[in-house]
Structure formats: structure tokens, C-alpha cells
Amino acid sequence: MNRTAPFARMNGLGNEIIVADMRGRADRVTPAAAIALNADAATKFDQIMAIHDPRTAGTINYIEIINSDGTQAQACGNGTRCVVQALAAETGQKVFTFETVAGILNAEEHADGLISVDMGVPRFGWRDIPLAEEFRDTRMIELQVGPIDAPVLHSPSVASMGNPHAIFWVDRDVWSYELERFGPLLENHPVFPERANISIAQVTARDAITLRTWERGAGLTRACGTAACAAAVCGARTRRTDRKVTVTVPGGPLVIEWRDDDHVVMTGPAEWEFSGSFDPATGAWQRDTQDVA
Ligand SMILES: N[C@H](CCC[C@H](N)C(=O)O)C(=O)O
């Protein structure tokens, strides 16, 4: 087996993604390789989307998701759009069915280049999020954090899109909160036994949310697709928003629709940056010469 595997450096609304082509290989991207790639400014990433051979009939690939701290994630919306764009460019296919830890995802690249991913169904039970104790109403759980000299975050909605999310609703500009200070405290709060992605959401219309996210295992990112989905379904559950909303994250807008069949469909862009090859065991990499501008 060749020591190195191809990769594409991409982004989904600024969420920095490495799409690693692990097809035809028996090995996996190691946490050490992820941490080494993230330590290099040129390949610093939020998530690695490792494309493996299919594990379930009817799917074309199994996608393993690794956060920049080396931990595994069950779902990644922006990264899935990057995988779709990379495979569409390679194969000419426009419709895809992937398997991830969170389940089977269907996706499509549209003629305008935007990509829609069916992110599956949201889960709201306290055991599904998961939470460390029983909360009967996950539309709002009692959780408070924040020093007395700053706006306090409290009473989040919680949901799972395969990965855990807490959405703190605010009525001030989302940039007026020190998410870099509160984020790690909340990510690691004991109420979240598997940690959690922490978002601040401001509803600006029945069909519009502004969102910032401190991601589990990655920190502040310019976009979090599953958080946008979680904010959309929690907005509808708490009657703040309709079931189709535009969620504007620092990197740009995502359109999220919580369909009547309970599936959540996210639509947005993906962008290729450069390609290279890397050693999945160590993270040593080199850029492809032909794409150097
Ligand atoms: N940090 C997340 C995974 C990536 C989510 C985000 N990048 C997205 O686009 O959904 C977690 O550990 O659950």
C-alpha cells in the first residue's frame, strides 16, 4: 500500500476542511497525523473528512470525521459539502449517498454549484443529545454561565444532529459575547458527557438566524453546518422561527429546511483551495506541484 494518500484542502463557508482520500486503503488517519497536520499553518484545519470504501451496501463511501484536536465527530455539514464537490469534480456524479457515524446522508450538487445535504433527523431526547441527567424539556435547559461583568448566557436549547449542540438564544449582536471565553467552559460542562458544540444565536426574522459557534474539538470556526441545522430545528421547536430559515454564520449564509418528513436539509457552497498528498500515520505532507499558482 502506498505510504501517502491524496488530499484536497477545501472550505465550507470558511470552515477549514481537509478531504482525505483513503479509498482502497486498510489504514485510517491517526490522531497523531491529524494533530501534526493541524500544527502546520498551511494545513491547519477544523475537520478532516476521510473518504473510505463503503461499509454498507447502497452507499458509495464511508466518511470518517476527525476534529483538529484528533477526536472523532459523528457529523460535519460543511465538510460533507466539500466531499460532494470533490467527488463530483472527480466523477461527474451529482447525487451521492454516504455513510457516517451519524447514519446515511444523501447529497446533491446543483447546477449553480450549491450543494444540498440531507443531514438526517434531529434528536431531542436527553439521552440522545446526550445529557448527563434527565431533562424533560430540551427546548430550554437550566444552564447558566458568565461573569457578572459580561452578558450572561443561559437556558440553551439542546439538540443532536448526530453530534451534540447547545444553542444559546440572545437578543444582542452575537459578536457582543465573548464566545472564546465561554465556549471552552460550556464545551466541557459536566452536563455534556460527550462535550458539546456551543452556539450563540440571534433570531432576526421568522426565517433568519445569525449564529456563531465554538465547536467541540475545534474551537471558534467561521461556520458550523450541524450547528446551523441545530439552531434551525431549535428555533422552530421554540416557535421563534419557521421551518425554513437562512442561518448566517461568520463565513456566510446557509439555507436550512426542516422538512415535514423530519429530515433536515442544508444547502450551501464549498470551495477547493489546493491538493497534495500526506502520510495518514504521521501527517507528513507535500503540496501537488501542478496546482501551485
Ligand atoms: N466539531 C463538531 C464536528 C464538526 C461540525 C461542523 N464543522 C459542521 O460543519 O457541522 C463535533 O465535534 O461535533
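Numbering starts at 1 and runs along the sequence shown. Atoms within each ligand, like the ligands themselves, are counted from 1 in listed order.
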Is a donor on one side and an acceptor on the other found under 3.5 Å between the side chain of Arg81 and the backbone of Pro269? yes
Can a cation-pi geometry be assigned to Arg287 and Phe274, taking NZ or CZ under 6.0 Å from the six-membered ring centre and within 45° of the ring axis? yes
Where is the nearest protein heavy atom to atom 2 (C) of ligand 1: which residue, which atom, and how far? Asn197 OD1, 3.2 Å
Among the heavy atoms of Gly217, does any lie under 4.0 Å from an atom of ligand 1? no
Thr30 side-chain N/O to Ala281 backbone N/O, donor-acceptor pair under 3.5 Å: yes
Salt-bridge contact Glu271-Arg222 (side-chain N to carboxylate O under 4.0 Å): no
Applying a heavy-atom cut-off of 4.0 Å, say which part of Ala218 lies close to ligand 1: side chain, backbone, both or neither. neither
Is there a polar contact between ligand 1 and Gly77, counting only N or O atoms under 3.5 Å apart? yes
Looking at Asn67, which atoms of ligand 1 are within less than 4.0 Å of one of its heavy atoms? 1 (N), 2 (C), 3 (C), 11 (C), 12 (O)
Interatomic distance, CD@Glu64 vs CD@Gln47, rounded to 0.5 Å, equals 13.5 Å
Atoms of ligand 1 close to Cys76 [distance to a heavy atom under 4.0 angstrom, numbered from 1]: 4 (C), 6 (C), 7 (N), 8 (C), 9 (O), 10 (O)
Check this for me: does any side-chain nitrogen of one of Asp118 and Arg259 sit under 4.0 Å from a carboxylate oxygen of the other? yes
Looking at Asp242 and Lys244, does any basic side-chain N land under 4.0 Å from a carboxylate oxygen? no
for atom 9 (O) of ligand 1, nearest protein heavy atom and its distance come out as Gly225 N, 2.8 Å
Nearest non-hydrogen protein atom, atom 3 (C) of ligand 1: Ala75 O, 3.4 Å
Counting both backbone and side chain atoms, is some N or O of Gln47 under 3.5 Å from an N or O of ligand 1? yes
Is it the case that the side chain of Arg212 and the backbone of Ile200 share a donor-acceptor pair, with hydrogens and angles ignored and the cut-off at 3.5 Å? no
Side chain, backbone, both or neither: the part of Asn78 lying under 4.0 Å from ligand 1 by heavy atom: both
What atoms of ligand 1 come closer than 4.0 angstrom to any heavy atom of Ala73? 3 (C), 11 (C), 12 (O)
